[in-house]
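This report concerns only the one structure given below.
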Amino acid sequence: MKKILLIEDEKNLARFIELELQHESYSVTIAHDGRSGLELALNGQWDMILLDLMLPGINGIEVCRRVRKEKRTPIIMLTARDGVMDKVMGLDSGADDYIPKPFAIEELLARMRSLLRRTDSIEEKHRDVLTFKDLELDVGARTVRKRDRTIDLTKREFDLLLVLMQNIGRVMTREMLMDLVWGYDTEVETNVVDVYISYLRSKIDDPGEESYIQTSRGLGYVIR
C-alpha cells in the first residue's frame, strides 16, 4: 500500500481527498499546517507528498525546498494560484508536478499514478552504476560523482542526466526527455528542457572544456 502525506490546511478538502485516496487503497496521513507537515515529511517514509502552496506557519514553497534538501520523495503541489510564476516557483522549489484548484479528483489520481509509475520505473528497473568518461552516476544511491567529488543535483537534474546516460550515443529529442523526465501529461513547455540542460552543464562541465551533453541542432541532446 502506497503511503501518501497530504499537507492541506482546508480541512473539508483534505478530508475529501483522504476519503478518495483511501477508496483507491492509498494510506493517507494529513497535516494541516506547514510546520507539522514538514516534520512529518522529513521524519517519515512516504511514497508521495501532496502539498498545498498556501499554508499557515511555513508555506508550501519553503516546505518543498527543505524536503528536497534531504529527500527525493515525489511531490505534487496543490494550489488555488494558477499564474505562470506560481507554477515556476513550485517546480523550481523541487515539486514534480503542479495541479491548480479546483481540480477533478480523477485528474489528481491520474497524475499520482503517472508520477508513481515514473518513480518506480527509475528506482526499480535501473539499480546500477552508469559511467561516462570521469562521470559516475549511482542510480540506487541517486548520487553523481566526478573524479573525487560529489556533484549536488536536484531530483529533476538527476533524472534528466540519468535518461541521457542510459542512452549514450542516442539523440534524445526534447519531447522524449519531457515524456521520460516530466511525464506525458505535464503542462510544462518543452523549452524547460533547455533550461535544465543548462543547469546540468553548469554543474558537471569543466570551464573551457567540451560539454558532456552535446546539442544536436533542431533535434535535442546527446551524450557521446
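Given the structure is predicted, the values throughout are model-derived calculations rather than measurements. Throughout, residue positions are numbered sequentially from 1 according to the sequence presented.
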State the [atom1]-[atom2] distance between [X] and [Y], to the nearest 0.5 angstrom.
{"X": "T154", "Y": "L160", "atom1": "OG1", "atom2": "CG", "result": "9.0 Å"}
{"X": "L38", "Y": "R35", "atom1": "CG", "atom2": "CZ", "result": "8.5 Å"}
{"X": "K203", "Y": "D152", "atom1": "NZ", "atom2": "CG", "result": "5.5 Å"}
{"X": "L109", "Y": "E24", "atom1": "CG", "atom2": "CD", "result": "5.0 Å"}
{"X": "K133", "Y": "E210", "atom1": "NZ", "atom2": "CD", "result": "5.5 Å"}
{"X": "S25", "Y": "K2", "atom1": "OG", "atom2": "NZ", "result": "13.0 Å"}

Problem set entry | Pair R66 + E70: basic N to acidic O under 4.0 Å |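 No.
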Problem set entry | Cationic N near anionic O, under 4.0 Å, E107 to R111 |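 Looking at E107 and R111, the cut-off is met.
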Might you confirm whether atom [atom1] of [X] has over 12 heavy atoms from other residues, nucleotides or ligands at distances under 6.0 Å?
{"X": "E39", "atom1": "CD", "value": "no"}
{"X": "D138", "atom1": "CG", "value": "yes"}
{"X": "N12", "atom1": "CG", "value": "no"}

Testing the basics here: between [X] and [Y], what is the closest heavy-atom pair and its distance to 0.1 Å?
{"X": "T73", "Y": "D96", "answer": "O-OD2, 4.0 Å"}
{"X": "E8", "Y": "L13", "answer": "OE1-CD2, 3.8 Å"}
{"X": "S216", "Y": "V171", "answer": "CB-CG1, 3.8 Å"}
{"X": "I204", "Y": "Y212", "answer": "O-CE1, 3.1 Å"}
{"X": "L40", "Y": "W46", "answer": "O-NE1, 2.8 Å"}

Got a donor-acceptor contact below 3.5 angstrom from the [X] side chain to the [Y] backbone?
{"X": "H32", "Y": "I7", "value": "no"}
{"X": "K155", "Y": "R68", "value": "no"}
{"X": "Q22", "Y": "V28", "value": "no"}
{"X": "N167", "Y": "R170", "value": "no"}
{"X": "D134", "Y": "K146", "value": "no"}

Within the structure provided, determine whether [X] and [Y] are in side-chain contact (heavy-atom separation under 4.5 Å).
{"X": "R65", "Y": "K69", "result": "no"}
{"X": "V163", "Y": "M176", "result": "no"}
{"X": "V144", "Y": "L137", "result": "yes"}
{"X": "I75", "Y": "L115", "result": "no"}

Problem set entry | Donor-acceptor side-chain pairing of S211 and D205 below 3.5 angstrom |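 Checked: S211/D205 side chains pair up, N/O donor to acceptor below 3.5 Å.
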For this session: Verify whether one side chain among R201 and T215 offers a donor that lies under 3.5 Å from an acceptor in the other.
Result: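 Yes, because at least one side-chain N or O of R201 sits under 3.5 Å from a partner of the opposite role on T215.
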Exercise. Do L161 and V192 belong to the same hydrophobic cluster, where Ile, Leu, Val, Met, Phe, Trp and Tyr are linked whenever their side-chain heavy atoms lie under 4.5 Å apart, directly or via other members?
Worked result: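 Yes, same cluster.
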For this session: Using side-chain contact (heavy atoms from CB on, under 4.5 Å) as the criterion, point out the one residue from L135, I168, L162 that pairs with L130.
Result: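 The residue from L135, I168, L162 that satisfies side-chain contact (heavy atoms from CB on, under 4.5 Å) with L130 turns out to be L162.
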For this session: Mind running side-chain contact (heavy atoms from CB on, under 4.5 Å) on R174 and D194 for me, showing each step along the way?
Result: CA-CA 8 Å; R174 291 172 178 80; D194 303 326; 2.8 Å; yes
For this session: Kindly indicate, with the supporting measurements, whether the criterion side-chain contact (heavy atoms from CB on, under 4.5 Å) is fulfilled by I30 and K11.
Result: CA-CA 9 Å; I30 299 176; K11 294 185 177 180; over 6 Å; no
Exercise. What residues, two or more places apart in sequence or in another chain, satisfy side-chain hydrogen bond (donor to acceptor under 3.5 Å, both in side chains) together with S27?
Worked result: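 Applying side-chain hydrogen bond (donor to acceptor under 3.5 Å, both in side chains) to S27 gives none.
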For this session: Start with the C-alpha distance between L50 and L108, add both sets of side-chain angles, then the distance that settles side-chain contact (heavy atoms from CB on, under 4.5 Å), and finish with yes or no.
Result: CA-CA 10 Å; L50 303 179; L108 175 60; 4.3 Å; yes
